[in-house]
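First up is the structure itself, then whatever we jot down about it.
Computed from a predicted structure; not experimentally measured. Letters go in sequence order (proteins before strands), and every chain restarts at 1.
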Amino acid sequence: MAINFQQALGIHPQTLAVRAKRAEVISSNIANADTPGYKAKDMDFKAALAQASQKQQSGMSRTHAKHFDIRSELNNGVQYRTPDQPDTGDGNTVDAQVERNLYLENSMQYQASLQFLTGRIKGLKKAITGQ
Amino acid sequence: MSLFNVFTISGTGMSAQSVRLNTTASNIANADSVSSSVDKTYRARHPVFAAAMQKAAAGQEDSSVGVQVLGVVESNKPLTVEHNPAHPMADKDGYIYKPNVNVIEEMTNMISASRSYQTNVQLAESAKNMLNKTLQLGK
């Protein structure tokens, strides 16, 4: 049985990509916590992960400069957050505390995925060395 | 790699907040700078923030949004005019003009800016940790 690295690592590489993207979205919210009119955004994790794994399977190669690069975007799944407080007067919907906790949560989940990946890699190493 | 964008974004946040801290410092420093005419009097300055779309990669403008300072505007609140003929800066009618700086407002502004700055620093710090862990993947 040939070892396919794509399958050996499971869904975790895509999960990492989506988590990293989400970190970016949430950090945008925090950077714009004082920007008038800025609307907080977040990712629909399920949709983004589904899209990421689909892209992984059907990654098309570009053979012409005018071809669309359909792999480069992980954007679907980014949506505006529903604010849980009435407008404070400047149209900004960022709740800095909520965003910070979400960022923390996201980074813990990122590290969890890393742990899973490390486990997989260790398993592979064990299989290769046979020890 | 999107995690590197976190550094860019929190960097824009830090520089915007430091502009805000700078204007606050300038306002507080000049809170008592009197002058003898309306035109020459210091007016409170405030930065205007706006979301800056990162045009690094096509199709990614939606999610990674830094912050930029569009400019610094002067407050148009009325100046404090005081009748004080004994003052060396008094004009010919004996009036001196004080800036429209509200020191209490500026102090709260300062605390808010410094907290926001710290939050951005922590963002960069935890992004750094995430990247470090990723570099050690499989070890």
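Most heavy-atom pairs under 4.5 Å with chain A: of the set Lys133(B), Gln68(B), Met14(B), this distinction falls to Lys133(B).
Summarising the geometry, atom CD1 belonging to Ile9(B) is positioned 3.5 Å from atom OG belonging to Ser28(A); distances are rounded to the nearest 0.5 Å. Here the straight-line distance linking atom CG of Leu137(B) with atom CD of Gln115(A) works out to 9.5 Å at 0.5 Å rounding. With values rounded to the nearest 0.5 angstrom, Ile30(A) atom CD1 is found 7.5 Å from Asn120(B) atom CG. Between the OG1 atom in Thr134(B) and the CG atom in Leu114(A) there is a gap of 4.5 Å [rounded to 0.5 Å].
Within the 4.5 angstrom heavy-atom criterion, no atom of Arg115(B) approaches chain A. Looking at Ala96(A), neither its backbone nor its side chain comes within 4.5 Å of chain B, counting heavy atoms on both sides. Neither the backbone nor the side chain of Ala113(B) has a heavy atom closer than 4.5 Å to any heavy atom of chain A.
Between Arg19(A) and Met130(B), the closest side-chain pair of non-hydrogen atoms is not below 4.5 Å. Considering only heavy atoms from C-beta on, Thr118(A) stays 4.5 Å or farther from Gln136(B) through its side chain. Side-chain contact between Leu3(B) and Glu24(A) is absent, with no heavy-atom pair separated by less than 4.5 Å. Side-chain contact check for Tyr38(A) versus Val67(B): every heavy-atom pair is 4.5 Å or farther apart.
Atom CD1 of Ile104(B) has 12 or fewer heavy atoms from other residues, nucleotides or ligands within 6.0 Å. Environment of CG in Asn132(B): crowded, with over 12 heavy atoms of neighbouring residues, nucleotides or ligands closer than 6.0 Å. In the displayed structure, Asp32(B) atom CG is contacted under 6.0 Å by at most 12 heavy atoms of other residues, nucleotides or ligands. Annotation for Lys39(A): atom NZ counts as buried by contact number, over 12 foreign heavy atoms lying within 6.0 Å. By the 6.0 Å contact criterion, CZ on Phe7(B) is enclosed, its count of non-hydrogen atoms from other residues, nucleotides or ligands being greater than 12.
One hydrophobic cluster, built from ILVMFWY side chains closer than 4.5 Å, cannot hold both Val19(B) and Val48(B); they sit in different ones. Using a 4.5 Å cut-off between side-chain heavy atoms of Ile, Leu, Val, Met, Phe, Trp and Tyr, with links allowed through other members, Val98(A) and Val6(B) fall into the same hydrophobic cluster. Note on Leu131(B): it clusters hydrophobically with Leu117(A), by side-chain heavy-atom contacts below 4.5 Å among ILVMFWY residues. Residues Val18(A) and Ile11(A) are members of one and the same hydrophobic cluster, defined by side-chain heavy-atom contacts under 4.5 angstrom among Ile, Leu, Val, Met, Phe, Trp and Tyr. Residues Tyr110(A) and Phe116(A) do not share a hydrophobic cluster, clusters being chains of Ile/Leu/Val/Met/Phe/Trp/Tyr side chains in contact below 4.5 Å.
In terms of heavy-atom proximity, Gly13(B) sits nearest to Ala31(A) at CA-CB, 4.2 Å.
Side-chain contact annotation: Asn129(B) with Gln111(A), donor-acceptor N/O pair under 3.5 Å absent.
Checked options Asn29(A), Asn32(A), Val25(A); the residue passing with Val65(B) is Asn32(A) (criterion: side chain to side chain contact (heavy atoms under 4.5 Å, CB included)).
Among residues 33-47 of chain B, no residue has any heavy atom closer than 4.5 Å to a heavy atom of chain A. For residues 101-109 of chain A, the interface with chain B (any heavy-atom pair closer than 4.5 Å) comprises Tyr103(A), Ser107(A), sorted by residue number.
Checking side-chain atoms of Asp34(A) against main-chain N and O of Ser116(B) turns up no donor-acceptor pair under 3.5 Å.
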